[in-house]
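Chain naming here is simple, since letters A, B, ... match the order of the sequence lines and numbering starts at 1 in each.
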There are 2 protein chains.
Amino acid sequence: MLTRTPRGSSNKNHLLVRGITLWRCIADDFEQMILVGKYDNGERLPAESEIAARYGVNRHTVRRAIAELGARGLVRTERGSGTFVKTDKLDYRIGQRTRFSEIVAAAGHEAEGRLQGHRLEPASEDIAGRLGLKPGDAVVRLEIVRASDRVPISIATTWLDGQRFCEAAKIFRRVRSITRMLEHYGISTYRRKWTRIGATFTDAVDAGRLRLSVHRPVLVVESLDVSPTDEPILTTRGRFAADRVALIVES
Amino acid sequence: MLTRTPRGSSNKNHLLVRGITLWRCIADDFEQMILVGKYDNGERLPAESEIAARYGVNRHTVRRAIAELGARGLVRTERGSGTFVKTDKLDYRIGQRTRFSEIVAAAGHEAEGRLQGHRLEPASEDIAGRLGLKPGDAVVRLEIVRASDRVPISIATTWLDGQRFCEAAKIFRRVRSITRMLEHYGISTYRRKWTRIGATFTDAVDAGRLRLSVHRPVLVVESLDVSPTDEPILTTRGRFAADRVALIVES
DNA sequence: TCACTTGTCTATTGAACTAGACAACTTACC
DNA sequence: GGTAAGTTGTCTAGTTCAATAGACAAGTGA
């Protein structure tokens, strides 16, 4: 019988790390291989039983690892057929009409936005300037995690005028969409005025929220949405998992 | 009763990572704090019960984390008194007479050398040149992990003339010291001829063997030891945990 | 002596991992 | 169309490890 032998000569020893579960080690191993291109997009992974044999572990352990890869959005599993690498990115087109749920739905996926936190705070100079307020004026701050087919795509901070949209969090939690939330305030249409794009890497916190490893690339997107009459409505600062999204700007 | 609540509001949630044990997260957290200097050398850590309360975990879990920190050589625990940060480094003086066990013993610690692997191989051009052999000549290669008070200090590869020292591995395993191993060959004295020092970072393999995190600094030390009559005896390539050792060269 | 610290013990619960079996599905081949 | 081989999905069962809970021993220091 195979048992965990800390100093033995088992063939899975090379990835046994104290305090880290086996399935996590195997998942990280495969993530690494996929990210460096040892498996192409659409390529089939070895069968679960073969992976199990290769690492010298039980098939259930491999299944747990593959489930993790699925949660990270790296693979898609088809019963009877196999597990396939999925490294194609969601095309996120940035234009005047930029709506997360519409982009995801158009790509044939299921959109989801979850409010992770909110508060009323005084506007910084930067935020006040964007929204046409005075520094220190109350603004509503929303922290939203967006996912496509349960895979986290971005985490975004959204600021709105605190007087006009003081119920924003409560409404968003119910309708689960910025567009529908704004409809409650009688705003049926709005457009993107500008978008600033930068890049950085995940820290431990972002990595957890986006289900990424640390030090993975992140697109930092700041934007301002305005009404048809050019009144500022909301401004955001989002972090997109660059492994899962490509921003497209047409000009 | 406190249970692991994946989406609850427990105060330990901020460090719960799927597939990584709690004690490991806490140990990594403290390592980070110690390395960044939030605790000075010799400073006492909070009591186990206080740490447990702070993270919202059981004291046993904290004890497991502290045991890990001890294994990494970051702290020393004294019964009845407390756990103290230990970030002072072993002074490893490089001179003509450089012997690991003597250095460690002189510092009041217990030296240990463990042979992790060995083989007979053809000498590379570099190694042959150092030992005064022809490329392709047989050399004995030893992989040795050295520790001070059970804390790994270095991993070293040592090459010797394969003809003259063909029993080197067997003897080393018994006497557990290069110096005593050479005595079996009638070599009672030898001296360091040259030492080359470089630096790099731990990869996953080195990190495991040295009980370090990945991307910690490593001193790369190559050297040649010769007999009193300048005959090459052995050459080494060692990797020292820079968090635990400082090399001292006097001139 | 007393308060506080680490060390050790027992017991319990849930997660991780192993083992084996079989169902459900896909694909290729006859 | 049917079959067989190969794949993922699900179930039961058992062992080991992680974490909790509580109690008490043993040591430190004022």
Side-chain angles (χ1 to χ4, degrees), chain A residues 1-8 10-13 15-30 42-71 75-86, chain B residues 1-8 10-13 15-30 42-71 75-86:
Chain A
M1 191 189 303
L2 257 176
T3 52
R4 296 184 87 172
T5 52
R7 306 208 160 184
S10 159
N11 48 345
K12 71 191 157 190
N13 250 12
L15 44 72
L16 251 189
V17 183
R18 284 167 329 184
I20 301 184
T21 58
L22 253 179
W23 63 261
R24 172 75 190 242
C25 293
I26 294 172
D28 288 348
D29 216 14
F30 268 93
E43 193 174 343
R44 215 199 72 182
L45 294 186
E48 294 171 353
S49 52
E50 200 203 313
I51 297 175
R54 187 182 299 177
Y55 284 101
V57 303
N58 192 277
R59 196 182 132 221
H60 293 295
T61 308
V62 173
R63 285 179 62 72
R64 181 68 188 81
I66 290 178
E68 173 71 16
L69 293 174
V75 301
R76 143 188 61 85
T77 297
E78 285 174 16
R79 181 174 195 169
S81 179
T83 299
F84 301 87
V85 171
K86 191 179 72 175
Chain B
M1 190 189 305
L2 258 177
T3 52
R4 296 184 85 171
T5 52
R7 303 205 165 189
S10 159
N11 49 345
K12 71 192 158 192
N13 249 11
L15 45 71
L16 253 188
V17 183
R18 285 168 328 189
I20 300 184
T21 57
L22 252 179
W23 62 260
R24 171 73 189 243
C25 293
I26 294 171
D28 287 348
D29 216 12
F30 268 93
E43 192 174 344
R44 215 198 72 180
L45 294 186
E48 294 171 353
S49 52
E50 201 203 312
I51 297 175
R54 187 182 299 177
Y55 283 102
V57 303
N58 193 276
R59 195 183 134 220
H60 293 294
T61 307
V62 173
R63 284 181 61 72
R64 181 68 188 82
I66 289 178
E68 173 70 17
L69 292 173
V75 301
R76 144 187 62 86
T77 297
E78 285 174 16
R79 181 175 195 168
S81 179
T83 298
F84 301 87
V85 171
K86 191 181 72 177

Spatial distance of atom [atom1] ([X]) from atom [atom2] ([Y]) [nearest 0.5 Å]:
X	Y	atom1	atom2	answer
A/Asp29	A/Arg24	CG	CZ	12.5 Å
B/Ile51	B/Ile26	CD1	CD1	8.5 Å
A/Asp28	B/Ile20	CG	CD1	7.5 Å

Find the bend of the helix from C/dT1-D/dA30 to C/dC30-D/dG1 as the angle between its two terminal axes (five pairs each), to the nearest 10°. 30°
To the nearest angstrom, how far is [X] atom [atom1] from [N] atom [atom2]?
X	N	atom1	atom2	result
B/Asn58	C/dG14	CG	P	16 Å
A/Ile51	D/dG6	CD1	P	17 Å
B/Tyr55	D/dT20	OH	P	14 Å
A/Glu68	C/dA16	CD	P	11 Å
B/Arg24	C/dA15	CZ	C1'	18 Å
A/Arg64	D/dT8	CZ	P	17 Å

The criterion is side-chain hydrogen bond (donor to acceptor under 3.5 Å, both in side chains); which residues satisfy it with B/Arg59, sequence neighbours excluded? B/Glu48
Please tabulate, for side-chain N and O atoms in residues 77-85 of chain B, each donor-acceptor pair with protein atoms closer than 3.5 Å (sequence neighbours left out).
| unit_1 | atom_1 | unit_2 | atom_2 | d |
| --- | --- | --- | --- | --- |
| B/Thr77 | OG1 | B/Thr83 | OG1 | 3.2 |
| B/Glu78 | OE2 | B/Arg76 | NH1 | 2.6 |

Going 5' to 3' along nucleotides 5-11 of chain C, which nucleotides have protein heavy atoms under 4.0 Å from the base (write B), which only from the sugar-phosphate (write S), and which from neither (write -)? BBBBB--
C/dT18 phosphate, OP1 or OP2: any side-chain N/O from A/Thr61 under 4.0 angstrom? yes
Residue set satisfying salt bridge (charged side-chain N to carboxylate O under 4.0 Å, His left out) with A/Glu50, at least two apart, ordered chain then number -> A/Arg54
Below 3.5 Å between N/O atoms, which protein atoms pair up with nucleotides 1-3 of chain C? Just atom names and distances, please.
none

